[in-house]
Amino acid sequence: MSACVPARADSARTKHVHPPHSPPPGGPRRFRVAGADVSASIAVFLIALPLSLGIALATGAPLQAGLVAAAVGGIVAGRIGGCPLQVSGPAAGLTVVTADLIQQYGWRTTCAITVFAGIAQLGLGCLRVARTALAVSPAIVHGMLAGIGVTIAVAQLHIVLGGTPQSSVPDNLVALPAQLANLHPADVAVSVLTLTLLLLWPRLPGRAGDILGKLPAALIAVGGATAVAALTGLRLPKVDLPSWSSHALASLPEGPVLGLVAAVLTTTLVCSVQSLLGAVAVDKLVAARPALTGRVKRSDLDRELLGQGAANIVSGSLGGLPIAGVAVRSSANVAAGAVSRNSTMLHGVLVVIAALLLVPALELIPLASLAALVMSVGLKMVSLNHIRTVTRHREVLVYAVTTCGVVFLGVLEGVVLGIAVAVGVALHRLTRTRITHDDVEGVHHVHVRGQLTFLAVPRLSRVLHQVPHGADAVVELDGSFMDHAAYETLQDWQKTHTAQGGSVDITGRRPGTRISEPAEVDGCRCRPWTPWRNHQCERPSKAPAPGTDRRAASGSPTRESPATTPGPNASGTSGESRAPGAYGTPVAPGATEQPRGHELARGISAFHRNTAPLMRRELARLAREGQQPSQLFLTCADSRVVTSMITSSGPGDLFVVRNVGNFVPLPGEESGDDSVAAAIEYAVDVLKVRSITVCGHSGCGAMQALLGADPAGARTPLQRWLRHGLPSLERVPADAAEDGRERPRLAGRAPADAAERLCLANVVQQLEHLRAHESVARALGAGDLELQGMYFHVGEAQSYLLSEDTEGGVFELVRETNLTA
């Protein structure tokens, strides 16, 4: 599909002169629709058609209003909106709001309210406040949707049973026993058939299930129930679409002004929040798709508000339901492979065609079938995954209050109540601080968990004074904020305790908790990932104060040293009182001062101060039990490849072998160096690792050297070592396709250059060398070991794993996953 590039703002000033010897410019470019957009629009249309009718039925609006909203949402919001692949239309999240408006003000006034809500959305879009809506707690949003889902399900249950729903959830629950006593068998049978098809259709087994499963379950369920009802001659209420000539349009609103304003604000809030959250979700779905399906721009949330506002104005003016982004249709659009907004617009056109030409077929649909469909949608809005998530983040109270408020009071009231509870919970967490005191082998640990404010000062002071005079103390600050009152309390106690012969080590697990005086701390603002990097800033060395004791040992002051180690600085590493060594590095008695730039000693000092207290117990356990790594990780010696960082591993996890070029020499070809073979044998036979990973990386100097190496001129140790890469070099000839074989490659793009092509081939080649080792071959044959290839792109900080299912081997990008879900 051709892409249109918007002109710059100053393009009007530039006159493009047609070259005299070139052909005249062609006519206007033809509009084209990609095949993927056509297929996606059909899939979305088949889902939208029954759902639009069902939502209109649930709100009590004319059924045609659902079709109008679906068409306008597809065409108008699809064309103007800022999220190209989001599908807008009548949403289940608006059902309760719209039903209340229709019952209170009537249908024509509801349409007018929809128009004014659209105007309000246009104003919000012009003010560029779309991102502000995302500040609403997810627990409130999920609770609102769950409450709406419960309301929908309870109301539609009455239609499923053959009755008429009441105006509120309590009334529906009270009337439910009487409705159960007066069942309508035909309505129940059609509803059960619809729900059965909805449940079983996506689970059809075998190849036939894969083919038929591409048809939307909603369409199959409603279509199947309609066919059965028509063939068996069941007499039950069906869809009634009056003539378009009698279709009700918007009129001037009638009712109390304050009530109408509240109705407009409620509709605006629900439509906007649902649409913006849907746009963010669509961006995540698009990012998770394979790169080959086409590139789609990220959502412009302010433009999305403008598109939703325009769509609501048009829909309300034409007698349609309120419009918002719909998660079910949007996810179906992304899954179907849509690549542009044309799929959304085309789906709206198909809805218009169906509304004009398929009226006789639509009027065969039983209302009980649509009610069952909408009831299932309502039940799905109560997501167990969302409940688990809010419970894990200790926001279940906000979720429950919002849900109950929406169910029993209304959407706006429930949301306001949820916001109030969320603010209360946040204030409670801000003022709630846990302070504990433990004595571990003579060292007193004071652990402060939470924010240190003046409200916690009495408890902090009480716990600090439980530490005996002259004792060694460690104060762990596990929080991100400390006010002035807490700062002075902790500093005064620190000075008093050290003056009495004790030692204090103040550490922090959060950046920004700094206790030292400004005069004692240099303004380092390095990156926080490693102490080594943090200590490479150029800072002025400080002369020792007169009478300063130079007997610090490892970054923590001794009992005789009154200067103590303060808390972490803004970069996440602990600042310390400046002993007179290099850049404050403590100096042992009798030792000479270290020169500036002595990063090794500074890094070790930072380890002793920051990391060792946290890792001491784990390292002590490993020292007792011995190492039991699960994986042998063989990678290059390049300093930019940090194995623990890119694999999120810790002590005892990986048995690492590093060499220039991540080579695995074939058995018998080590040229006097058996180190790699010995490590492989030890890892497989003694440590019993379950996997071996060979990891190459971008910008590998060994691969560059190998490309320009002279095989006959191996005179130096490096040149002799590089000969182990010659099989990899033979695997990638100058003409990569001269023998017709597929080469190792990255998924989604071709190798950037010859060095990257060689690096990928080298990983595959070294895996073959691994299989030639006796211990590896034996473990592979027994099924106790697996081999993995990996490629790390340094500049992009992305890792690729080798998939050998395809010819030649494809390195697939490792996708991000939600570790908290």
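Everything quoted here is computed from the prediction, not taken from an experiment.
In this structure, OH in Tyr791 is found 10.0 Å from SG in Cys695, a value given to the nearest 0.5 Å. Residue Met790 holds its CE atom at 11.5 Å from NE2 of His697, rounded to the nearest 0.5 Å. For the atom pair CG of Leu722 and CG of Leu707, the computed distance is 10.5 Å after rounding to the nearest 0.5 Å. For the atom pair Lys297 NZ and Ser340 OG, the distance stands at 12.0 Å (nearest 0.5 Å). Taking CG of Leu666 as the start and CD of Gln766 as the end, the distance is 8.0 Å to the nearest 0.5 Å. To the nearest 0.5 Å, atoms CD (Gln494) and OG (Ser503) are separated by 10.5 Å.
Between Gly696 and Val763 the shortest heavy-atom distance is N-CG2, 3.6 Å. Of all heavy-atom pairs between Met482 and Leu477, the closest is CE-CD1, 3.6 Å. Residues Asn762 and Gly661 share a closest heavy-atom pair of ND2-O, 3.1 Å. Scanning both residues, Val684 and Ser775, for their nearest heavy atoms gives CG1-O, 3.6 Å. In plain terms, the two heavy atoms of Ser39 and Ala336 that are nearest each other are OG-O, 4.3 Å. Across Ala761 and Pro744, no two heavy atoms sit closer than the pair CA-CG, 4.0 Å.
Under 4.0 Å is where a charged nitrogen must lie from a carboxylate oxygen, and between Glu768 and Arg731 at least one such pair does. Checked for salt-bridge contact, Arg778 and Asp685 meet the test: a charged N lies under 4.0 Å from a carboxylate O.
In this structure a side-chain-to-backbone donor-acceptor pair under 3.5 Å is present from Thr647 to Thr643. A donor-acceptor pair under 3.5 Å links the side-chain atoms of Arg640 to the main chain of Gly699, judged by distance alone. Arg658 places a side-chain N or O within 3.5 Å of a backbone atom of Asp638 that can act as its donor or acceptor partner. Judged by distance alone, the side chain of Asp505 and the main-chain N or O of Val474 form no donor-acceptor pair under 3.5 Å. Remark: the backbone N or O of Val339 is paired with a side-chain donor or acceptor of Asp37 at under 3.5 angstrom. Here the side chain of Asn333 pairs a donor or acceptor atom with the backbone of Leu85 at under 3.5 angstrom. A donor-acceptor pair under 3.5 Å is absent between the side-chain atoms of Asp472 and the main chain of Gly442, judged by distance alone. No donor-acceptor pair under 3.5 Å is formed between the side chain of Asp784 and the backbone N or O of Ala779.
When side chains are defined from C-beta on, Pro665 does not count as touching His769, because their heavy atoms never get closer than 4.5 Å. Side-chain contact check for Phe633 versus Val657: every heavy-atom pair is 4.5 Å or farther apart. Between Ile692 and Gln788, the closest side-chain pair of non-hydrogen atoms is not below 4.5 Å. Residues Gln631 and Thr693 meet the side-chain proximity criterion, which asks for heavy atoms closer than 4.5 Å. Between His724 and Leu726 the shortest side-chain heavy-atom distance does not fall below 4.5 Å. Glu756 has its side chain within reach of His793: a pair of non-hydrogen atoms, C-beta onward, lies under 4.5 Å apart. Using a 4.5 Å cut-off on side-chain heavy atoms (C-beta onward), Ser698 and Phe792 make no contact. With a 4.5 Å cut-off on side-chain heavy atoms, Val446 and Glu476 do not count as touching.
Partner Leu622 forms a side chain to side chain contact (heavy atoms under 4.5 Å, CB included) with one of Glu625, Arg624, Glu618 and no other, that one being Glu618.
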Hey, mind stepping through Glu812 and Tyr800 against side-chain contact (heavy atoms from CB on, under 4.5 Å) and telling me if it holds?
-> CA-CA 5 Å; Glu812 300 280 355; Tyr800 299 78; 6.0 Å; no

Candidate pair Leu687 and Tyr682, rule side-chain contact (heavy atoms from CB on, under 4.5 Å), full reasoning | CA-CA 6 Å; Leu687 298 178; Tyr682 184 77; 3.7 Å; yes

Give the intermediate values and the outcome of side-chain contact (heavy atoms from CB on, under 4.5 Å) for residues Thr389 and His393.
-> CA-CA 6 Å; Thr389 301; His393 291 282; 3.8 Å; yes

With side-chain contact (heavy atoms from CB on, under 4.5 Å) as the test, would you mind laying out the steps for Leu758 and Leu706 before giving the verdict?
-> CA-CA 9 Å; Leu758 176 58; Leu706 193 59; 4.0 Å; yes

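Remark: Glu786 CD is packed, more than 12 non-hydrogen atoms of other residues, nucleotides or ligands lying under 6.0 Å away.
Using cut-offs of 30° and 60° on the angle between ring planes, the pair Phe663 and Trp721 is tilted.
A donor-acceptor pair shorter than 3.5 Å cannot be found between the side chains of Thr635 and Asn662.
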